[in-house]
Number of protein chains: 2
Amino acid sequence: MGQQSPGQELSRFKQNRRSEIAQAARRVLERDGYAHLSARKVAAEAGLSLGHITYNFAGMDDVLSEAYRLISERLRNASDRCLQQVDDQPVRKFEAFLRAGFDDEFLDFRHLRVRIDLWSAACNSEKLAETERALYDHYRQMLESLMRPLADNDPAKIAAIPALLDTIMATQDGLWLDWVRHRNHDAVENGLQMTMKLVRTVLLG
Amino acid sequence: MGQQSPGQELSRFKQNRRSEIAQAARRVLERDGYAHLSARKVAAEAGLSLGHITYNFAGMDDVLSEAYRLISERLRNASDRCLQQVDDQPVRKFEAFLRAGFDDEFLDFRHLRVRIDLWSAACNSEKLAETERALYDHYRQMLESLMRPLADNDPAKIAAIPALLDTIMATQDGLWLDWVRHRNHDAVENGLQMTMKLVRTVLLG
DNA sequence: TGGCTTTTGGTACGAACGTACCACAAATGA
DNA sequence: TCATTTGTGGTACGTTCGTACCAAAAGCCA
């Protein structure tokens, strides 16, 4: 199908196909879960033949890695959008961001299963683990940027931020997991309120 | 290989084989992870032929379910043992139990991977989800039994216990996950200290 | 012992898997 | 136009999977 000028055009063509396939893999992950993903299913979802996967990817590990990288990117973009909302009170902005991760868009079984599957898959692939850590780091940095104004330049409070972040990040993951487990909005609400109470105690107390 | 008196003896024989196979499946889950478990591997681990699995179990789902049930039982027994330690101060007893879940025995990649795999597998099997919820409920009830003396019969504090449990359970799961992610003992320690701070604020403040 | 039921070891089957491979189509540069 | 590269569709191979199936062994009771 034709030569391309070296590098640029070639990679654009290939990149398009790679992206189509990775997007299809993402949809399969969301619809059927990691356990039921297969090369044939991804190809069918993309409307392409099986050959495209071998042609554009080193293997299914490569496809999975790209798909999860793409999912992470989408989640990060969604977080970025939440960050742009304005509020005069920093603590309200912080809480709004915290709660954004638990609105109806994110509190969806199919989306959360993708995350949980990623936790599990990361145990068997250092590459996926790296992707998952990058997602964690990004979200944590956003939380930190919203938390820092709350410390009010008090060195003692600033010093407490890392420990607070360790805890809140853990609680967030746990609340997502718990929602899949119990589908109980009250538990999520309780967790968020307790998280805010902890933040206020440590940083505003 | 012989008749048994109906019911009792039969089930004891069968139960032994079932148990052997389930234990072998547990070892495979701990050594290789859910993704690399197969009927042949379990049979080899048990030192039995493939026929025993079909003879004693309805299918691999059945084996998995029994294996995870067994794992849950072991975890619960370990928790029960921690509960039996004595301390004059209820808050210290509570903290000791909280920390017991993060001592060197539990903070092990292979054991934690089993938990994470279970979270993932539970998304695809209501039976496994039920097993996982039962494990959650048991641990939660133990936490509650240790938390109740801290409320000191204050109705307001007692009313806050469920929300506190929702939060702490989530944080615990999140800290286990985070240890697999970062292998950072400091983060775990920070999470535990913040958890205790929250408990003290709500119940002892 | 003879006649059963239960247990065991092993094989075989059909399905699904990843992916290697190939013939052909399409596009491009000379 | 033609040679070459790149993209495409599809097939086929080798593996592994769960599990059905079966013959032989082993235990038990009459």
Run the salt-bridge test on [X] and [Y] with the 4.0 Å N-O cut-off and return the result as yes or no.
X	Y	answer
B:D178	B:R181	yes
A:D166	A:R140	yes
A:K41	A:D32	yes
B:R17	B:E20	yes
B:R76	B:E73	no

Practice problem: Determine the contact category for A:T54: base if any of its heavy atoms lies under 4.0 Å from a base atom, sugar-phosphate if only primed atoms, P, OP1 or OP2 are that close, otherwise nothing. | Solution: base

Exercise. Name the nucleic acid region contacted by B:L50, choosing base, sugar-phosphate or nothing; use a 4.0 angstrom heavy-atom cut-off, strictly under.
Key: base

Quiz item: Hey, is the main chain of A:G101 close enough, under 3.5 Å, to the side chain of A:W176 for a donor-acceptor pair?
Solution: yes

Self-check item: First of A:L48 and B:K41 reached from the 5' end of DNA chain D, by closest nucleotide
Solution: A:L48

Exercise. Report yes or no: is there a donor-acceptor pair, N or O only, under 3.5 Å between the side chain of A:R17 and the base of D:dG7?
Key: no

Quiz item: Nearest to the side chain of B:H52, which nucleotide is it out of C:dT7, D:dG10, C:dG9?
Solution: C:dG9

Self-check item: A:R40, nearest nucleotide to its side chain (from D:dG18, D:dT6, C:dT19)
Solution: C:dT19

Quiz prompt | Watson-Crick and G-U pairing of DNA chain D, under 3.5 Å, as dot-bracket with | and [ ] | solution = ||||||||||||||||||||||||||||||

